[in-house]
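One is the number of the first residue; the rest follow in order along the sequence.
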Amino acid sequence: MSILKLFQMVFCVCLSIFIFGQQRKIISSPNNTVSVRVSVANNGEATYEVFYKDKIIIEPSSLGFSLNKPKITLQKFEVIAVDSSVFDETWKPVWGEVSSIRNHYKQLKIRLKDKNKAENLLNIIFRVFDDGVGFRYEFPKESAGQPNALKHLIVKDELTTFNLAGNHKAFWIPGDYDTNEYLYNTTKLSEIDALKAANKETDIALKSVIGVNTVQTPLMLKTSTGIYLNIHEAALINYPAMNLTLDKATFTFTSHLVPDAVGNKAYLQAPFQTPWRTIIISDKATDILASKTILNLNEPSKITDVSWIKPQKFIGMWWEMHVGKSNWFKEGNKHGANTENVKTYIDFAAKHGFDGVLVEGWNEGWEDWFGNWKENVFDFVTPYSDYNIDELTEYAKQRGVRIIMHHETSGSATNYERHFDKAYQFMQNHNMNTVKTGYVGKIIPRGEHHDSQWMVNHYQRVAEKAAEYKMMVEAHEPVHPTGLHRTFPNWLANEAARGNEFNNAPNLGLVPEHETILPFTRLMGGPMDYTPGFFHFQLNQYDASRKTRVKTTLAKQLALYVTMYSPLQMAGDFPENFNKHLDAFQFIKDVPVDWDDTKVLEAEPADYITIARKQKGKPNWFLGAITDENNRKTSISLDFLEDNATYEATIYQDADGADWQTAPELYKIEKKTVTNKSILTLKLAKGGGCAISFMKM
Ligand code: NOJ
Ligand code: CA
């Protein structure tokens, strides 16, 4: 990995700027598009403002903390020193949407002391990028002459606010301590009603809704003048997740941290740095999707030998349980994870070149897994008697396929931790290198929340422990991702949102616009295990009473492999449904899971997205275009293709008459010879999409 590093500690301005008694400092991004102004007023109050192309985006907003131990409020400050620096480096992710990333920002670090005390108690660090801002708090290390400096502290509340400059359009889900599996709402800020939205969501088993005015991040916003804003956090480590509570009189959001089982927010030991609060800004929606600021705010990989980390495609002995063909628990002859059935999946994976086969319901405990709040349901090493794991290990190995492990914890994260070593050793013994974890239900025994500090630490412990055994991880029902896949590249993906599997939920399920919002919200924090690739739309194949259905066309299911970035992609449906459409299935076989380059060609949240990506190490490109419930016609210039080269384009598109509601399975496949001078006109049906492979000839 070649890294060009340029780090300049430029200057230290001590108490430099006094304007009408208040201290102020402005810092602008490398190309001056984004600026931050930090002020400490006469009365000691510290605020920040954010500007984009000289327009105010975030009006004066508060900074500070209220602590339970010691019982103090850190909100009245005096500036001790201000340090400025510039950073410019280009780094190479282990896997990703692009093969190299520039991390270029200007930094301001303000060292503050409590107005009434002598010690340096809090620092605030701002990093200003050309497409946004990150800022974090730092409780500094105690140093000589600071007898009262903070050592161990308990956070009651973080007092950060985001004072927006207007009644923007917002794409939001209700604030919640335990789940992020909601449908998105699009309203003005003044119209947010998170309780009403959450009450509609009768398919979510475990909700801990915070209140009428509280929403989750990543929060996507659009101003009336067409500026796009995304508020989230980066590097969520040893700290609870942030929700945002809106004051509708001023359009000000205040940070609302997820509490622990007894109501505290975080237990910290100085020196400590909080996660970054991030604001991504652009007048182009496509720039929001292309932003690398959240990744740049995370630390480089902690894993030095990354040779064993591999993006992958897999199928699963999984959807057949969801649609009622079989089940997870060993009960009569409908147990899905039996040796013979799993062999058919391994055969299919081998025949079509998939890396893995996920097998759920393989281990004892499923009879008891949900709703009983029992601690020791699973031991993660005991297969059901009809699942011959040794035989299947050998069978898969001979065919060049790996079984993907499933560790459903049913919310008992402590039980999982007690079994970590044995569980990962068992995986190693059975030639597995990837695990899907799950946290369905309440977190027991203490009643922690899925998004509290303890659980945030748990998800990280899983990634770290798995890395010791060279295992890759993807988590279902975890906290929202914050770019930690840069630091732990074996943590390939997460669910942490309403995935494609929710098409099977009896009430709201999904809506056609869902996938046009997710990249602007959930995916800002990192890859999602969305499980695209459903080829059968009425989900009553095995149970005629089911009313559930997939709300896209087949072509859109293909396009999602490009628009929903992940290094871990599942082909969601099961072999018998793929076998009915092997010509369309060819796109899933061809589409890569690792990329050299990505061009976000068109995008508008809740309406449409078109993205082209270049395969890692190969000259081929792939394009995905999706729309919401409206049909759409668009002309795409292929100028991203290489000069003087010819490509065979295979276009998988909605056929005439296709419609997610009435004719989702109508698709047509066309081949064309194209160059980078060509323009393609794409016609997307209602709820439709288009997927294209460009193979260099
Ligand atoms: C919920 C997960 O999202 C799903 O993929 C899994 O099959 C079930 N839990 C069972 O663990
Ligand atoms: Ca729309």
Does either side chain, that of [X] or that of [Y], offer a donor lying less than 3.5 Å from an acceptor on the other one?
X	Y	result
T650	K671	yes
H476	D529	yes
W276	T482	no
D451	Q216	no
Y182	D176	yes
R613	T598	yes
N630	Y608	no
T434	Q312	yes
Q557	Y652	no
E233	H480	yes
N500	T531	no
N504	T548	yes
D654	T553	yes
T516	D628	no

Salt bridge or not between R498 and E201? Use side-chain N to carboxylate O under 4.0 Å. yes

Check F640, W595, F694 against W621 for a ring-ring contact (aromatic ring centres under 6.0 Å, His included) and give me the one that passes. F640

Taking atom NZ of K292 as the centre, does the number of heavy atoms from other residues, nucleotides or ligands within less than 6.0 Å exceed 12?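 Counting neighbours around NZ of K292, more than 12 heavy atoms of other residues, nucleotides or ligands fall under 6.0 Å, so yes.
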
Test side-chain contact (heavy atoms from CB on, under 4.5 Å) on F574 and V323; report intermediate values, then the result. CA-CA 11 Å; F574 37 84; V323 300; 3.8 Å; yes

Evaluate the side-chain proximity of F535 to K580: yes if any heavy-atom separation is below 4.5 Å, no if none is.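 Not in contact.
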
Quick one: does K325's side chain get under 4.5 Å of Q541's, heavy atoms only?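 When only atoms from C-beta onward are counted, Q541 and K325 do not touch, as no gap falls below 4.5 Å.
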
Closest heavy-atom pair, F587 versus L623, reported as atoms and distance to 0.1 Å, is CZ-O, 4.4 Å

Step by step, would you call D594 with K616 a salt bridge (Lys or Arg N to Asp or Glu O under 4.0 Å)? CA-CA 6 Å; D594 202 10; K616 185 82 142 279; 3.0 Å; yes

Take the angle between the ring planes of H322 and W319 and call it parallel below 30°, perpendicular above 60°, tilted in between.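 Correct class here is parallel.
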
